[in-house]
Amino acid sequence: MGGDSGSSLPRRYWPRGLNWAALRFTPAFRRQLLRAVVVAIIFLAFLAGLAATFGIAILQYTLAGFVVSSIVIVAAIGLTLIYGIRGFANFAYGDLMTLGAYVALLVNLNGGLSLVWGAIISFMVLAVAGILVEIVIFSHLEGRGPVPPIVASVGLGLIIQNGIRTVATTQQWIYPVPALQEIPIVAGLGIHPIRGIGTIVVGLSFVLAAHILLKYTNLGKAMRATADNLELAKATGIDTKRVTYAAWAISCGFASTAGVLLGLSGVLSPVMGFNVLLLIFAAVIVGGIGSPYGAVLGGLVIGLSQEMSVPLLIWLGQPSVIGLEHSTAYKVAIPFIIMIGVLILRPWGIAGRPPAFARRVFFVERITQAFSRRPAQAKQVEGEEGG
Amino acid sequence: MAIDTGTLTNIGFYVFVSIMFAMLALGFNLQWGYTGLFNAGIAGFFLIGAYVAVFAITPPAPPLIIGGIKVYPGHLGGYSLPLPVGALVAMFVSGAAAALVALPTLRLRADYLAIATLGFAEVVRIFAINLESVTAGTIGIPGIPGPIEFNPPDAFLNTMTKVAVGAAILLGLLIVLQFMVESPWGRVLRAVREDEEATMALGKNTAGYKLQVFALGGALMGLAGWFFAITINYVEPSGSFAPAVTFSVWVMVIVGGSGNHRGAIIGAFVIYGLEWLSVQLKDLAPKFLADTIPYIRLMLVGVLLIVLIIYRPEGILRERKRVLR
């Protein structure tokens, strides 16, 4: 974030317009790009090593990882937006995804429209629902700390989940998707045109849309300001109430699309969203709470690590190794382990900048400091550089 | 006799399950009501307590293979230890698990702890479902010994002993916990809840206090798991330890009034009473409604959570105001 210096404070923030001046490369952006390229090269080398050792078919899991990542990223951006602006963890987010998937199914089955239209209508329905939820429930809990809104969001999640169970029964549904062959990339390695390529394309376009919204529109700038410091944003003349409504609309819209993508990759059931809630929280925490760019990174880390752990778990499941029963079921534990690791080592997220007080607060830092010979001051400077 | 033993047995069932929920609620109340630590993984610590107790107190259960087909995968343990030993082991393991989960998140904001514990409960449940050689998977573990085995089996006496054991434990817990929270130690807990930084400034090791309380609350949840195992005599991971248990306990503590033990116990009896009544009245409800009653009840739990947290966060029994003299 940051880096759009040069443009003065907008007088009107609501009517949005692209700020072309901000499109140029800033030094910070160039540094980030360089870092991203280095990480990508290391990752590609790792994949090449895997393919050389175990055969090209192992990359099937990487492709699956990218598909899962696309879903997680869309959801994590939506979740982290509300986390940043309203300052609480929305535990109903998984159930909002389920609701989005079911609304799309309803439009598809009863309205006779295609699933794409279903997803679009579902996006709009959920956006309106998000604003309603803020007005009816969460606006009453403003300024009461992080826990009361969590309790209320769990209540909302219970209402949505069991409402779906009552109305649509606990039966599992499948989106009517045309039966298509997987597109072979090389022998033994294929990708489904809708479940694979479609999901990744939708995920990428949502990331791009979120980037443009946050970086180049006045609404996005107002959102980032509100997330950064609510009081200061109010003092600058930003109508934070409208910004909050917009954030809820976008967040719930993203939830609906993530739900449709999730339904596309498997079956629709009342608990489908709740089951992936942990995955999305892990992505948000790994990326750093409140940071949409972190959510993208965290989603990639979580999705890829979960899917690419599958061959390892299958290997562990062989009787000759340790014979772990149902070993692939444990893949959901991988995001949790990564999340705990990040909470211990870097609670501000892998890409985030540590807060100024972090050096004194986190005991792990103290231990690492005790073992490193460099004085604490030198580390402080190094920490400031990143992010 | 005015009331036959069948009805009394039924009511006794309601009472001892309520007592079990009261133990969970007391544990959560200690964590949240007194110290402000929000635990979203109550079901996980409950599950650990139940399974550890079962491993300790059941007779050995080797895998049962009939004609090459594994009929029963068996489970870990089978030490046939006395029940009180099982309770101690369950409390110790659950408490240790709670301390381990809390360790990375205690110095962070309350919502990190909530997310970490929620994830922990889910992961524990997935392990309990899939790790068949340890937990017997979804088949579950039947035949767990109860407090006293009557010969010949008598449902009425059986239930009444469970109620008596539960009531005795609950009374003991209530006395011990009341002394604890009224002590200087309890005063520090409330100080941590109200203003952690100020408490730190007074020289208290707030992270240490939070760790102690979280482990203690986890141990109480483990005790509830042990009580569940010896009263229901059967454990199975997918239904009894679902996240809905966690949310029900939240409602109990919020309804009763967080920050006082009587409130937590009353909340447990009232909220489980609603569930028990809904099961009892199932036959009276029209056919189309009967199947959806559990879902409607959970929706009501959701509505109750939202309404209470907005309009009456202090619950039925308000925490006693403490005035400086």
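Side chains included, hydrogens not; waters and symmetry mates left out as well; all remaining heavy atoms used. Remember, it's a predicted structure, so these values are computed and weren't measured experimentally. Below, chains carry the letters A, B, ... as their sequence lines are ordered, and counting in each starts from 1.
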Q | Which portion of A:Pro148 sits near chain B, non-hydrogen atoms under 4.5 angstrom | A | both

Q: Name the region of A:Ile159, side chain, backbone, both or neither, that has any atom closer than 4.5 Å to a heavy atom of chain B.
A: both

Q: Give, as side chain, backbone, both or neither, the part of A:Leu158 having an atom under 4.5 angstrom from any heavy atom of chain B.
A: both

(Q) Please classify the contact between A:Ile285 and chain B as side chain, backbone, both or neither, with a heavy-atom cut-off of under 4.5 Å. (A) side chain

Q: Pick one of side chain, backbone, both or neither for A:Leu277, based on which atoms fall under 4.5 Å of a heavy atom in chain B.
A: side chain

Q) Do B:Ile309 and A:His140 pass the side-chain contact (heavy atoms from CB on, under 4.5 Å) test, and can you show the C-alpha distance, the side-chain angles, and the key distance before you say yes or no? A) CA-CA 10 Å; B:Ile309 205 75; A:His140 299 286; over 6 Å; no

Q: Could you look at B:Leu300 and say if it's the side chain, the backbone, both or neither that has a heavy atom under 4.5 Å from chain A?
A: neither

Q. Looking at B:Ile126, B:Asn130, B:Val123, B:Val301, which makes the most heavy-atom pairs under 4.5 Å with chain A?
A. B:Asn130

Q.
Is A:Thr170 close to chain B through its backbone or its side chain, or both, or neither, when contacts mean heavy atoms under 4.5 Å?
A. side chain

Q: Step by step, work out the side-chain contact (heavy atoms from CB on, under 4.5 Å) result for A:Asn162 and B:Ile296.
A: CA-CA 7 Å; A:Asn162 292 290; B:Ile296 292 173; over 6 Å; no

Q | Separation between CD1 of A:Ile164 and CE of B:Met299, rounded to the nearest 0.5 Å | A | 10.0 Å

Q: Sort B:Ile115 into side chain, backbone, both or neither according to what part of it lies under 4.5 angstrom from a heavy atom of chain A.
A: both

Q.
Could you report the tightest heavy-atom contact between B:Gly119 and A:Phe336, atom names first, then the distance?
A. C-CE1, 3.5 Å

Q: Might you point out which heavy atoms bring B:Ala110 and A:Val147 nearest each other, and give the distance in Å?
A: CB-CG2, 3.8 Å

Q. Is it the side chain or the backbone of B:Ala244 that comes within 4.5 Å of chain A heavy atoms, both, or neither?
A. neither

Q: State the CG-CG distance between B:Asp111 and A:Asn90, to the nearest 0.5 angstrom.
A: 12.0 Å

Q.
As an exercise: rank B:Leu298, B:Ile129, B:Leu304, B:Thr292 by heavy-atom pairs under 4.5 Å with chain A and give me the winner.
A. B:Leu298

**Q.** Contact origin within B:Thr246 toward chain A - heavy atom pairs under 4.5 Å
**A.** neither

(Q) Taking CH2 in B:Trp276 as the centre, count heavy atoms belonging to other residues, nucleotides or ligands within less than 6.0 Å. Is the count above 12? (A) yes

Q) Can you name the closest pair of heavy atoms from A:Gly87 and B:Arg109 and give their distance? A) O-NH2, 3.3 Å

Q: Name the member of B:Val101, B:Leu118, B:Thr105 that forms the most heavy-atom pairs with chain A at distances under 4.5 Å.
A: B:Leu118

Q: Heavy-atom pairs under 4.5 Å with chain A are the metric here; pick the option from B:Pro243, B:Pro313, B:Ser133 that has the most.
A: B:Ser133

(Q) Within the supplied structure, the quantity of interest is the number of heavy atoms (other residues, nucleotides, ligands) at a distance under 6.0 Å from A:Gln171 CD; does it exceed 12? (A) yes

Q: Please report the closest heavy-atom contact between B:Ala116 and A:Leu343, naming both atoms and the distance.
A: CB-CD1, 4.4 Å

Q. Any side-chain heavy-atom pair from A:Ile289 and B:Tyr112 closer than 4.5 angstrom?
A. yes

Q) Where is the tightest heavy-atom contact between B:Ile306 and A:Ala152, given as atom of each residue plus distance? A) CG1-O, 3.5 Å

Q: State which residue, out of B:Ile254, B:Ile310, B:Val251, fulfils the side chain to side chain contact (heavy atoms under 4.5 Å, CB included) condition with A:Val151.
A: B:Ile254

Q. Which heavy atom of A:Ile150 sits nearest a heavy atom of B:Ala114, and at what distance?
A. CD1-CB, 4.2 Å

Q.
Can you tell me which portion of B:Val303 sits under 4.5 Å from chain A's heavy atoms? Options are side chain, backbone, both or neither.
A. both

Q. Can you tell which of B:Tyr295, B:Phe127, B:Tyr311 has the highest number of heavy-atom pairs within less than 4.5 Å of chain A?
A. B:Tyr295

